[in-house]
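Step one of this worksheet: look at the structure below.
The figures that follow rest on heavy atoms only: side chains count, while hydrogens, waters and symmetry mates do not. In what follows, chains are A, B, ... by sequence order, proteins preceding strands, each numbered from 1.
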There are 2 protein chains.
Amino acid sequence: MKKSDTEQIRAANRVDIINTLRVFGPLARVDIGQRTRLSPATVTAITSDLVAEGVIREVQKPVSATGRGRPRVLIGLNPDHASALGIKLSINEIRLMLGDLQGNIVAETVVTADTQSLDQASLNDLLVDQASRFLEDYPDHARRLVSLGVAIQGIVDAHRGYSVWSPALSIKNVNMTAALEAAFECPVELANDTNCIAHAIHKHPEYLQKPDFAVIMIGYGVGGSLILNGDLYSGHNGAAAEFGHTKYTPTGPTCACGKAGCIEAYVADYALYRDARALIDLPETDRRHPSEDEMRHLTQLARDGSTPARELFDRAGRVLGFGIANVLALISPERVVVTGPGVRAYDLLEDSIQAGIQEALIPELVGRTEIQSYPWSEDMTGKGVIALALGHFR
Amino acid sequence: MKKSDTEQIRAANRVDIINTLRVFGPLARVDIGQRTRLSPATVTAITSDLVAEGVIREVQKPVSATGRGRPRVLIGLNPDHASALGIKLSINEIRLMLGDLQGNIVAETVVTADTQSLDQASLNDLLVDQASRFLEDYPDHARRLVSLGVAIQGIVDAHRGYSVWSPALSIKNVNMTAALEAAFECPVELANDTNCIAHAIHKHPEYLQKPDFAVIMIGYGVGGSLILNGDLYSGHNGAAAEFGHTKYTPTGPTCACGKAGCIEAYVADYALYRDARALIDLPETDRRHPSEDEMRHLTQLARDGSTPARELFDRAGRVLGFGIANVLALISPERVVVTGPGVRAYDLLEDSIQAGIQEALIPELVGRTEIQSYPWSEDMTGKGVIALALGHFR
DNA sequence: GTAATTAGGTCGACTCGTAAATTAAATATG
DNA sequence: CATATTTAATTTACGAGTCGACCTAATTAC
């Protein structure tokens with residue numbers, strides 16, 4: 001139970017206004033009032049505070065002189081007022097991204113490192129070291145850094161800031177946040193990479209009003225994320241939505257997690273490529289995961305009429321449909337959004353996803369949830385992790 | 001977005017105090033302050049309002065004179081200040097329950113009716129008619145009726161008040177609330193019966209502080225319910241948590257829902273009894289579902305060493321474990337609570353549930369969620385539906 | 001030039017919750 | 001038995017919030 005008092009109201013309305021501005025761009029005070037349902041008086045009070053602090057500022061844009069009356073003066077976030085650093089840790093790669101208060105990525109760099117050989121101490125050193133070095137090039141941003149966000153694949157305990165297990169690391173139960181917190185003296189948010197993507201999608205105007213949706217990310221693995229009641233749901237352990245490791249069938253191909261019959265073992269890039277190589281003459285991939293080019297090649301084979309390739313995608317879609325059916329039965333969200341590199345083949349999957357749902361879902365629930373794909377871009381994780389970090393800004 | 005203003009604070013703190021009193025019984029003002037984290041001044045202000053309205057009252061109990069100082073005066077809800085009517089609709093049976101403000105059932109009656117032959121109009125008439133007749137015997141309660149709650153098996157659209165599909169009715173997409181709302185001029189809450197049970201459990205002191213748990217009810221079917229972030233989660237369509245119809249395997253025994261391989265088709269009473277009759281000499285059951293006595297007999301056979309019976313329960317437990325593993329992967333709650341008539345055999349299921357989880361769940365998540373049973377009693381649904389209805393009281 | 005219109009700001013009334021002071025009602029103590 | 005002590009509950013003063021009503025500013029329409 002948390003108590004309600006009057007200062008929390010102001011704080012809540014403040015972030016409400018800030019978030020409204022972040023999502024809906026520069027807005028006149030009247031519009032803010034309409035969107036937040038705050039009275040003009042309150043909007044004026046809060047915005048003048050924010051202007052005084054430099055968080056927002058008036059942008060004099062020759063607003064299309066629509067109608068008469070005093071012209072509205074637009075105000076927008078001042079992107080230069082605060083910055084956040086996003087760190088995305090993948091297998092042998094660290095991506096550092098600098099975001100402004102608006103949530104845009106203003107600088108980015110990629111460092112390669114042997115992430116598998118790290119222990120807790122050297123991981124700490126590596127993260128702090130790389131982040132410091134990166135920030136040195138952007139002293140202005142460094143000065144106004146308000147928070148950090150770390151995205152990592154695998155299972156994450158978001159509440160405690162631990163990576164429970166990640167393909168990027170050989171060690172388990174690793175604290176990812178303490179060293180950075182100490183070094184930069186600001187809050188550090190840790191999140192599963194799929195949660196970052198879900199968060200990024202959630203911040204899009206079209207999705208902001210959808211309080212309940214699930215995101216499924218297909219790529220090197222299969223991840224999931226839930227936005228429930230308008231908030232990222234990360235479960236009691238901070239480790240929810242491991243959709244890829246829900247089961248299609250108790251017996252089945254082996255998954256990267258070691259168990260049999262996970263959705264991921266049918267749908268992830270590595271699974272498709274592995275199974276395809278048993279049927280089709282494909283070049284061996286020397287990496288742990290097939291490359292984007294290799295996957296594009298396989299996808300094109302299916303589009304060009306290769307029956308075994310086609311059947312593999314059909315099966316993947318059907319399995320995905322089964323998994324989604326379980327989500328629909330349990331959560332019944334408004335939408336399921338499929339994204340990730342794997343959407344490159346969404347045209348091949350779509351029909352069989354629907355068929356799988358049809359086959360598995362209790363008929364009365366069929367058709368109540370929209371299934372749709374979301375175009376994938378590489379920097380969604382980055383935008384998401386920065387947005388998540390910026391959540392600490394008030 | 002909802003506006004925050006100062007009166008909402010008072011409203012929120014008011015219900016906070018009322019709920020605290022409902023759950024933790026009569027309490028002194030100091031204790032209320034401690035539990036709600038409100039200052040003594042605020043507690044005094046709100047409680048004196050509530051006393052003036054008659055919602056709560058001082059109960060002079062010879063409080064064990066522990067220590068010196070001014071003795072605390074306990075205040076508790078005034079059960080006679082408001083009443084709620086709960087209606088539980090099952091196959092050929094309508095159970096009517098009168099609850100006081102405390103949430104206790106003060107009167108109850110059961111009516112039999114041919115629920116399967118009803119159309120929308122005759123259902124409306126039946127519900128209104130039976131409720132009116134029942135209330136006639138309790139004019140005092142009728143006068144202070146604040147809300148109604150309707151519990152029904154099957155798939156429910158709680159937001160809109162529709163029964164999407166129910167074994168109790170032959171018609172689908174039936175509005176269950178409009179007629180009652182019009183007749184009694186007060187809000188009517190509709191809920192799936194398992195959600196009622198989950199709500200009842202959630203109101204227990206021990207569970208109130210657990211904001212994330214799942215409830216699985218085993219009986220004539222297998223139902224599920226989710227308490228997320230401290231609130232009953234009913235999904236965008238108001239139809240979440242159909243745990244029984246998540247899948248164990250794409251091919252498998254036929255479920256009551258018509259699909260193959262649902263968890264329910266292995267675990268529900270009807271499934272166990274059906275499969276047992278194929279292996280063991282058991283009396284045919286003339287009802288659609290085996291009776292409690294018949295199920296007790298089957299359970300006892302397994303306890304007494306009948307190998308085929310034992311194996312059936314083992315399989316049911318394992319399947320349940322698989323299903324729970326999917327819930328853990330997706331939701332990662334703090335606890336999973338198993339209840340319903342089926343817990344009569346929990347001793348037979350427990351080990352194989354754990355084995356099933358172990359087998360299916362990604363190892364890193366094993367052991368993070370407590371699985372426990374909750375003793376079943378017939379009136380949990382009633383208490384839950386009344387508690388749900390009383391949620392409208394402020 | 002004046003009226004109409006729309007945006008934004010100011011001020012007073014009201015509400016809320018809290019800290020601190022005060023009152024109430026018991027026990028402990030000598 | 002009177003008084004100090006202790007704990008519970010209430011009252012008071014105050015700072016913080018929102019809102020409605022009114023006012024001012026800056027345009028366009030005529």
| Residue-phosphate contact under 4.0 Å: A/S39 side-chain N/O, D/dT18 OP1/OP2 | no
| said: Can you tell me if A/N13 touches the phosphate of D/dG17, counting only side-chain N or O atoms and a distance under 4.0 Å to OP1 or OP2? | reply: no
| query | Salt bridge between B/R335 and B/D212, side-chain N to carboxylate O under 4.0 Å? | reply | no
| field | Side-chain ion pair, A/D49 and A/R10, N-O less than 4.0 Å | value | yes
Polar atom pairs (N or O), protein with nucleotides 7-10 of chain C, under 3.5 Å:
residue, atom, partner, partner atom, Å
C/dA7, OP1, A/R72, NE, 3.3
C/dA7, OP1, A/R72, NH2, 2.2
C/dA7, O4', A/R70, O, 3.2
C/dA7, N3, A/R70, NH1, 3.2
C/dG8, OP1, A/V73, N, 3.0
C/dG8, OP1, A/V73, O, 3.2
C/dG8, OP2, A/R29, N, 3.3
C/dG8, OP2, A/V30, N, 2.9
C/dG9, OP2, A/R29, NE, 3.0
C/dG9, OP2, A/T44, OG1, 3.0

Round to a whole Å and report the spacing from [atom1] of [X] to [atom2] of [N].
X     : N      : atom1 : atom2 : answer
B/I9  : D/dA16 : CD1   : C1'   : 10 Å
B/I32 : D/dA8  : CD1   : C1'   : 12 Å
A/R10 : D/dG15 : CZ    : P     : 16 Å
A/Q8  : C/dC16 : CD    : C1'   : 12 Å
B/R37 : C/dT18 : CZ    : P     : 12 Å

| request: Using side chain to side chain contact (heavy atoms under 4.5 Å, CB included) as the criterion, list what pairs up with A/H81, not counting sequence neighbours. | output: A/V55, A/N78, A/L101, A/F393
| query | Mind checking what makes side chain to side chain contact (heavy atoms under 4.5 Å, CB included) contact with B/A183, not counting sequence neighbours? | reply | B/V128
| Tell me, do A/I105 and A/D100 make a side-chain contact under 4.5 Å, heavy atoms counted? | no
| Between A/H202 and A/H199, what is the ring plane arrangement, given parallel below 30°, perpendicular above 60°, and tilted in between? | tilted
